[in-house]
Amino acid sequence: MEISNNALIDRYKRHLNYLRISITDRCNLKCLYCMPSGPAYKMDHEEILRYEEILRIIRIGIRLGITKIRITGGEPLVRKDCCDFLETLGRLRGLNDISLTTNGVLLTDYIDRIIAAGIKRLNISLDTLDRTKYQNITGVDAFDCVWAGIQAAYEKGMYPIKINVVVLNGINDDELADLAALSFQYPFHIRFIEYMPIGQTRQCDKAPLLYPDIRSRIEQLGELMPVARQPHDGPARRYKFNGAIGEVGFISAVSHHFCEQCNRLRLTADGRIRSCLLADIHEDIKTPLRAGRLDTDLADVFFRAVERKPFQHAVKLDPTAINGEMVSIGG
Ligand code: SAM
């Protein structure tokens, strides 16, 4: 099979140019909506792709038309030498957008190196402004640390900083307006994400809140005005309050899926190319890679994942459809 640019076009004519990479299934938090309940299953170190293996897959992806990469996890910053890896990534030719998703716990320590590596865009998860609630959600008393990390990134000029809020009915739904109000004070993009039923997580007893309810709570602050879409926009619908310097966004993968515009593939920490976050469809790329196969064989794995990419996910119809765990797939 020939490797040629722009080759990753699926059966529904979607051009896949965005690879999200989970570099570890380890995390320094245990968020109730993300980590499976019960004893944590951890991959053996040998199961997890080595950096040089990830880089080889990325180089092949670039030759196939991947231009955009997001590094995620688990928590990417807990993996040893993550910043060295980011620096190598920043030097690769052919990528025009490299971003990082982090819980922010280690951000103060690493922000200078993240910036030096050329990471321009940062997503930081923060579901509450209440320290005790933060500990209840994540299992760790780290709110102050995360807030300091966000401030450090802001003071060092990172833009945009996107704050990801997973909406948890009965847990942080009373704080949505307060979180959205950060956009008056900071140029942050506060993004409200519908809880997705993935794996064996323990969200809460109440039914997940969906976009219309989430939006109406935030609109208590004022009218939301739509913001024009930009080239690097993902699935978030973007809005702004009059007088705000930041933005508010909604990611409603469950109630209003955005599958028709999906341009993503995922590389899981254990070396599978996953066609869709919300469907257990993946192709093993680690086995042929470790067997010393040619780049063209590994490109075939990309093609098979692309071929199997579903037109849309079925989470709304069957919320039990996904067995994979977010922590290893990478959100
Ligand atoms: N550790 C990093 C972090 O906390 O941002 C990166 C990994 S985390 C899996 C990536 C994103 O997935 C986070 O923004 C997180 O809030 C989101 N996420 C995890 N589980 C989710 C769920 N069940 N529903 C919706 N979003 C979820």
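Numbering of ligands and ligand atoms starts at 1, following listing order.
- Residue contacts with ligand 1 for Thr102 involve N, CA, C or O but no side-chain atom from C-beta outward (heavy atoms, distance under 4.0 Å).
- Annotation: Cys27 places no N or O atom under 3.5 Å from an N or O atom of ligand 1; distance criterion only.
- Residue-to-ligand polar distances place Asn164 within reach of ligand 1: an N/O pair is separated by less than 3.5 Å.
- When only modelled atom types and interatomic distance are considered, Ser252 and Arg237 share a side-chain donor-acceptor pair under 3.5 Å.
- Residue-level proximity to ligand 1 for Thr72 is carried by the side chain, the only part with a heavy atom below 4.0 angstrom.
- A donor-acceptor distance shorter than 3.5 angstrom exists from the side chain of Asp173 to the backbone of Gly170, with no hydrogens or angles considered.
- The closest non-hydrogen atom to atom 13 (C) of ligand 1, taken over Gly74, Ser22, Gly73, Ser125, comes from Ser125.
- Between the side chains of Thr24 and Glu75, no donor-acceptor pair of N or O atoms lies under 3.5 Å.
- Contacts classified as ring pair (Phe, Tyr, Trp, His ring centres under 6.0 Å) and involving residues 63-114 (residues at least two apart or in different chains) are given here: Tyr51-Phe85.
- Looking at ligand 1, you won't find any N or O of Asn123 less than 3.5 Å from one of its N or O atoms.
- If you number the atoms of ligand 1 from 1 as listed, the ones under 4.0 Å from a heavy atom of Cys34 come out as 9 (C), 19 (C), 20 (N).
- The ring pair (Phe, Tyr, Trp, His ring centres under 6.0 Å) search around Tyr186 returns Trp147, Tyr154, Phe188, not counting sequence neighbours.
- Looking at Thr101 next to ligand 1, no N or O pair under 3.5 Å apart turns up.
- In this structure, the side chain of Asp10 engages the main chain of Tyr12 through a donor-acceptor pair within 3.5 Å.
- Of the candidates Asp270, Ile23, Ile57, Leu49 forms a side chain to side chain contact (heavy atoms under 4.5 Å, CB included) with just one, namely Ile57.
- Near Tyr195, with a cut-off below 4.0 Å to any heavy atom, the atoms of ligand 1 are 23 (N), 24 (N).
- Using a 4.0 Å cut-off between heavy atoms, Val166 contacts ligand 1 through its side chain alone, with no backbone atom that close.
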